[in-house]
Amino acid sequence: MTVMESNCRQDIIIIGGGIIGCTTAYYLTRHPSYDPTKHFITVIEATRIAGGASGKAGGLLAVWAYPSNIVPLSFKLHQDLALEHNGEEHWGYRKVSCGNLEATGRARCELETLGGQTGMSLGKKHGERGRRVISAGGGAMPKDLDWVLPDLVKGYEKMGGSKETAQVHPYQFTMAMVGLAQEKGVKVIIGSVTDINYTDSSPSPSPVTPPSENSSYSTCPPSPALSSISLNSFSSNRTRRKVKSVTYIDRETKQIHTIPSTTTILAAGPWTSKLYPSAPISGLRAHSVTITPASPVSAYALFTEITIPTPSNQHSKYYSSHSAPTTPVSPEIYSRPNNEIYVCGEGDMEVEVPETTADVEVDEDRCDDLIAQVSSISDHIRLGRVTRKQACYLPILSVGGSGGPIIGETGTDGLMMATGHSCWGINNAPATGKLMSEIIFDGKAISADIRQLDPRRIL
């Protein structure tokens, strides 16, 4: 019996209130088999919705992102969502031009700290995933990219236009997705999950797990995908674990609650391994700043390589680029429709992933360096107002060489996983949510071939 055939209650718990968890909740409620009288969906988030990378990312969408097996689907779904729900107004969806920019920046005393900090690429920059690099001499600067000082530009190469690149405001997009899910019956709980509780699922001729004593929630058969796993386990004659419930601490009352779960989806990003220790997910810290420019700027996403003279006299504001050694830096610069510029830098792993998103440590020096770097090539930015300095952790898959994510069944009955999206979580969230809804309600992914992203390959 499938989920859609069952008249029994199904409790679907999503752990993580970031963009992956929220879009999964959205697409579950949009699946033809969803019935709010039978399917009870709960999102449990430790601090606040979009409190981590989902509220602090850049929001670039690109057809050349990775992995290639879900990007085309996700890029199209972003367009569909924007058309259906007026994404232009509600979460800043728009097409943007994107390019690689090489420039020589003006030296400033704030850049003195750059030499002591090392970073790790976030994986987006042009050329890192098989894309082109800036050719010698570069290309012509677009006329409307007038907020970068042209005399400082050494080269420019277009990476994408309206058909290849777009953007959203990540926080607004995430909040819109969870809001739309709530309108269809999804419940949001703010609390820290402490345990995913299991029971043994012994070999049996039937995939239906007998109800536990005094439980009104365990009388339903598992979803099609989970049924197939159970049948496979029977042939191997092994005892398997099955998800039974989830325990969390309510953030406001501090009370401990345990709620039943037919299916649990672990979408906790870099916090995944805290609840599932064998998951090879680590966290890469990324700093970013937002700036209100001195005057409005055109719609561009820029991957830069800026060569900045390293100052030798800390009392001087500017230094000649011909008389000092240089330091190359590669900030990413995204203009947004609300007269905001978003800037992010390289990642680091100097500080371990903290307990929650509320505990993320922001390195002010790194943020100040970012501001100085982009100010060195733009007076619109230099004369603007810094509105936010922030940091977040990107979930990095540390094995397999594919760069993530992992989407689907774990091998534990009733436990799904959708995590490890690295720097492309916003880009790939719609595809992930839609595919997870298919796995749960249809028993398999239909809209894309994601066999390479199967968690069971690495867990």
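Numbers for residues simply follow the sequence, beginning at 1. Model, not experiment: these values are computed from the prediction.
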**Study point:** Whether T23 side chain and A429 backbone form a donor-acceptor pair below 3.5 Å
**Key:** yes
Check your understanding: So, the side chain of T272 versus the backbone of G269: is there a donor-acceptor pair under 3.5 Å, distance only?
Key -> yes
Point to revise | T247 and its side chain to side chain contact (heavy atoms under 4.5 Å, CB included) partner, picked from I196, D195, I259 | key: D195
Check your understanding: Atom CE of M417 and atom CD1 of I15: how far apart are they, to the nearest 0.5 Å?
Key -> 9.5 Å
Point to revise | Backbone of P395 reached by a side-chain donor or acceptor of W271 within 3.5 Å | key: no
Practice item. Measure across P170 and R336 and return the closest heavy-atom pair with its distance rounded to 0.1 Å. Key: CD-NH2, 3.5 Å
Review point. So which heavy atom on I41 is nearest to which on Y34, and how close?
Key: CD1-CE1, 3.7 Å
Check your understanding: Is the backbone of S447 close enough, under 3.5 Å, to the side chain of E438 for a donor and an acceptor to pair up by distance?
Key -> yes
Check your understanding: Does one side chain, of S288 or Q390, offer a donor that lies under 3.5 Å from an acceptor on the other?
Key -> yes
Review point. Are the side chain of T290 and the backbone of R388 linked by a donor-acceptor contact shorter than 3.5 Å?
Key: yes
Practice item. Report yes if some heavy atom in the side chain of V243 is under 4.5 Å from a heavy atom in the side chain of T263; otherwise report no. Key: no
Check your understanding: Per the side chain to side chain contact (heavy atoms under 4.5 Å, CB included) rule, which among L394, V353, D348 passes with R285?
Key -> D348
Check your understanding: Any side-chain donor paired with an acceptor under 3.5 Å for T357 and T47?
Key -> yes
Review point. Does T262 reach the main-chain N or O of D11 with its side chain, forming a donor-acceptor pair under 3.5 Å?
Key: yes
**Study point:** E84/R30 salt bridge by N-O under 4.0 Å criterion
**Key:** no
Review point. Hey, does I12 have a side-chain heavy atom less than 4.5 Å from the side chain of I265?
Key: yes
Review point. Taking side chain as C-beta onward, heavy atoms only, is I341 less than 4.5 Å from V374?
Key: no
Practice item. Run the salt-bridge test on R451 and D449 with the 4.0 Å N-O cut-off and return the result as yes or no. Key: yes
Review point. Taking the side chain from Q167 and the backbone from S335, do they hold a donor-acceptor pair closer than 3.5 Å?
Key: yes
Check your understanding: Any sub-3.5 Å donor-acceptor pair from S398's side-chain atoms to S282's backbone N or O?
Key -> no
Practice item. Not counting sequence neighbours, which residues clear side-chain contact (heavy atoms from CB on, under 4.5 Å) with Q79? List them please. Key: F75, Y93, K95
Practice item. Locate the shortest heavy-atom distance separating G283 from M349; write the atom from each residue and the value. Key: O-CE, 3.5 Å
Review point. With a 4.5 Å limit on heavy-atom distance, are the side chains of D442 and H31 in contact?
Key: yes
Practice item. Decide yes or no for L453 and I406: does some side-chain heavy atom of the first lie under 4.5 Å from some side-chain heavy atom of the second? Key: no
Check your understanding: Do any N or O atoms from the side chain of Y342 and from the backbone of K56 form a donor-acceptor pair under 3.5 angstrom?
Key -> yes
Review point. Would you say the side-chain atoms of T410 pair up with the backbone N or O of L415, donor to acceptor, closer than 3.5 Å?
Key: yes
Study note, to complete from the structure: Heavy atoms of A62 and V71 approach each other most closely as O-CG1, 3.4 Å
Check your understanding: Heavy atoms, side chains only, cut-off 4.5 Å: are P142 and Y300 in contact?
Key -> yes
**Study point:** Listed partners of H78 passing ring-ring contact (aromatic ring centres under 6.0 Å, His included), at least two apart
**Key:** F173
Revision key, fill the gap. Note: G18 and E45 closest approach over all heavy atoms is N-OE1, 4.3 Å
Check your understanding: Between T174 and C22, what is the shortest heavy-atom contact and its length?
Key -> CG2-SG, 3.9 Å
Check your understanding: side-chain hydrogen bond (donor to acceptor under 3.5 Å, both in side chains) with R385: which residues, sequence neighbours excluded?
Key -> none
